[in-house]
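Whatever order the structure lists ligands and atoms in, that order sets their numbers, starting from 1. Small disclaimer: the values here were computed from a predicted structure and weren't measured.
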Amino acid sequence: MKKIALVTGATSGIGMACAEAFAAASYRVIITGRNTAALDSLYDSLTALHGPDAAFRLVFDVCDPGACTSAVSSLPLEWQAIDVLVNNAGLALGLEPEFEGDLGDWYTMIDTNIKGVLNMTRIIVPGMIERGRGHIINMGSVAGDAAYAGGNVYCATKSAVKAITDGLRIDVAHTPLRVTLIKPGLVETNFSRVRFHGDNERADNVYKGIEPLTAADIADTVVYTAQAPAHVQIAEVLVLATHQANGSIIHRQ
Ligand code: NDP
Ligand code: 8X3
């Protein structure tokens, strides 16, 4: 019986790469996101490569708890027993000092990066506990280890993801469930384009003079943690580009 992985934010970047890597590892993948066209295109490529039962699409916004519940409840019976939940959907908005940042940007990051993870965890983990199997993999960041200039609220949301992940690991320690936090450094995706509200030049500069990680590098790590033997719980993984030391120190050529 193939395992089922649900990936949030599968329409781009790390989430899309995770969906591809899980499908390549013979998981059936529930791909979720807000962008229907991008989900359709990923669905087409996954099913063409891995067969018609390789993927299932759910369109919803992780910030909307009602939409999360309806989407997960709408899963056909054969897709309901989720083995791996990857809470990946998230974003940074802005890089202004905390005394100049935009309240709307801050609230969107808090709603998506923190409440989105909680919404999905609260809906899916009870079924995992009932079935006596499951793995929750949350996408943190090196940004959650320590604040960097202008990172303020984004860094705070990723610190919160760490605390939420650690808290869940404590709360399910009496069960066979495993809980993992992945903390990537610089990964070249749409992340910086979103952060800088579509300013592509500014986004490209983030990756100048350093070979950044790719989304596939992070997906490899995610799938590795999911495939560890059942008695092995990889609690936390920090993955940096070779010339990045932490959230602030990046050596550029
Ligand atoms: P991308 O912008 O490429 O992908 C982000 C994904 O999250 C998109 O699929 C996006 O969908 C989705 N998403 C955003 N908001 C929502 C929402 N409200 N509901 C549902 N889906 C949503 O960035 P990354 O792939 O880089 O980011 C993925 C995760 O990795 C994030 O949590 C990010 O914080 C984290 N991360 C990224 C790093 C990097 O350097 N890139 C480093 C460390 C962590 P849509 O197209 O609909 O917006
Ligand atoms: C994304 C990595 O360093 O741009 O979380 O915040 S960083």
Trainee: Which is closest to atom 34 (O) of ligand 1 in terms of heavy atoms, Y207, Y154, F60?
Mentor: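 Shortest heavy-atom distance from atom 34 (O) of ligand 1: Y154.
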
Trainee: Should one rank G15, P212, G116, S12 by closest heavy-atom distance to atom 1 (P) of ligand 1, which comes out on top?
Mentor: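 Residue with the shortest heavy-atom distance to the ligand atom: S12.
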
Trainee: Got the closest protein heavy atom to atom 18 (N) of ligand 1, with its distance?
Mentor: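 I find the closest protein heavy atom is D61 OD1, 2.8 Å.
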
Trainee: Given N87, V142, T11, which one has a non-hydrogen atom that is nearest to atom 10 (C) of ligand 1?
Mentor: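 Nearest heavy atom to atom 10 (C) of ligand 1 lies in T11.
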
Trainee: So for C63, does at least one of its heavy atoms come nearer than 4.0 angstrom to any atom of ligand 1?
Mentor: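 Heavy atoms of C63 do come under 4.0 Å of ligand 1.
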
Trainee: If you count every heavy atom of other residues, nucleotides or ligands that lies below 6.0 Å from E100 atom CD, does the total exceed 12?
Mentor: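 Correct, the count exceeds 12.
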
Trainee: Out of V239, L186, T221, which residue meets the side chain to side chain contact (heavy atoms under 4.5 Å, CB included) rule with L213?
Mentor: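 Of V239, L186, T221, side chain to side chain contact (heavy atoms under 4.5 Å, CB included) with L213 is met by V239 alone.
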
Trainee: Quick test of your reading of the structure: of L213, N35, V62, T189, whose heavy atom lies closest to atom 19 (N) of ligand 1?
Mentor: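 Going through L213, N35, V62, T189 one by one, V62 has the nearest heavy atom to atom 19 (N) of ligand 1.
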
Trainee: Any salt bridge between K162 and D166, counting N to O under 4.0 Å?
Mentor: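 D166 and K162: salt-bridged.
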
Trainee: Which atoms form the tightest heavy-atom contact between G101 and W106, and what is the distance?
Mentor: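 Minimum heavy-atom contact is CA-CZ2, 3.7 Å.
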
Trainee: Relative to atom 2 (C) of ligand 2, which among G247, A92, S141 owns the nearest non-hydrogen atom?
Mentor: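 It is S141 whose heavy atom sits nearest to atom 2 (C) of ligand 2.
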
Trainee: Is there a polar contact, in the sense of an N or O pair closer than 3.5 Å, between S141 and ligand 1?
Mentor: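 For ligand 1, there is no N or O atom that lies under 3.5 Å from one belonging to S141.
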
Trainee: Quick test of your reading of the structure: of G9, G13, G90, A10, whose heavy atom lies closest to atom 5 (C) of ligand 1?
Mentor: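 The nearest heavy atom belongs to G90.
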
Trainee: Nearest protein heavy atom to atom 35 (C) of ligand 1, by residue and atom, and its distance?
Mentor: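 Of every protein heavy atom, M139 CG, 3.8 Å lies nearest to atom 35 (C) of ligand 1.
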
Trainee: If we only count N/O pairs under 3.5 Å, is L186 in contact with ligand 1?
Mentor: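 Looking only at distances, the answer is no, because the N/O contact criterion of under 3.5 Å is not met.
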
Trainee: Which residue holds the protein heavy atom closest to atom 22 (C) of ligand 1, what is that atom called, and what is the gap in Å?
Mentor: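 Sorting protein heavy atoms by distance from atom 22 (C) of ligand 1 puts A89 CB, 3.7 Å first.
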
Trainee: How far is atom 6 (O) of ligand 2 from its nearest protein heavy atom, and which residue and atom name does that atom have?
Mentor: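 Answer, as residue, atom name and distance: Y148 OH, 2.4 Å.
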
Trainee: Short N/O distance, under 3.5 Å, between Q244 and ligand 2?
Mentor: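 By distance alone, the answer is no.
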
Trainee: Once the angle between the rings of H243 and H251 is folded into 0 to 90°, is it parallel (under 30°), tilted (30 to 60°) or perpendicular (over 60°)?
Mentor: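 The arrangement is tilted - the two ring planes meet at 30° to 60°.
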
Trainee: Could you tell me if any non-hydrogen atom of G140 lies under 4.0 Å from any atom of ligand 1?
Mentor: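 G140: in contact with ligand 1 (<4.0 Å).
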
Trainee: Nearest heavy atom to atom 47 (O) of ligand 1 wins, so pick from R34, E188, R195, K158.
Mentor: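 The nearest heavy atom belongs to R34.
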
Trainee: Quick check on E211: does its CD atom have over 12 non-hydrogen neighbours (other residues, nucleotides or ligands) under 6.0 Å away?
Mentor: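 Check fails, neighbour count at 12 or below.
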
Trainee: Tell me the closest heavy-atom pair linking L177 and R133, and the distance in Å.
Mentor: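 Scanning both residues, the minimum pair turns out to be CD1-C, 3.9 Å.
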
Trainee: Count I, L, V, M, F, W, Y as connected when their side-chain heavy atoms are under 4.5 Å apart, and connections chain through other members. Are L91 and I182 then in the same cluster?
Mentor: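 Cluster IDs for L91 and I182 differ.
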
Trainee: Using a 3.5 Å distance criterion without hydrogens, assess whether the side chain of T32 forms a donor-acceptor pair with backbone atoms of V7.
Mentor: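 At least one qualifying donor-acceptor pair exists.
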
Trainee: Heavy atom under 4.0 Å from ligand 1: found in V187's side chain, backbone, both, or neither?
Mentor: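 The answer is both.
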
Trainee: Does the gap between the ring centers of Y154 and F191 come in under 6.0 Å?
Mentor: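 Yes; F191 has its ring centre under 6.0 Å from that of Y154.
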
Trainee: Can you report which non-hydrogen protein atom sits closest to atom 31 (C) of ligand 1, along with the distance?
Mentor: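 The closest one turns out to be N88 O, 3.2 Å.
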
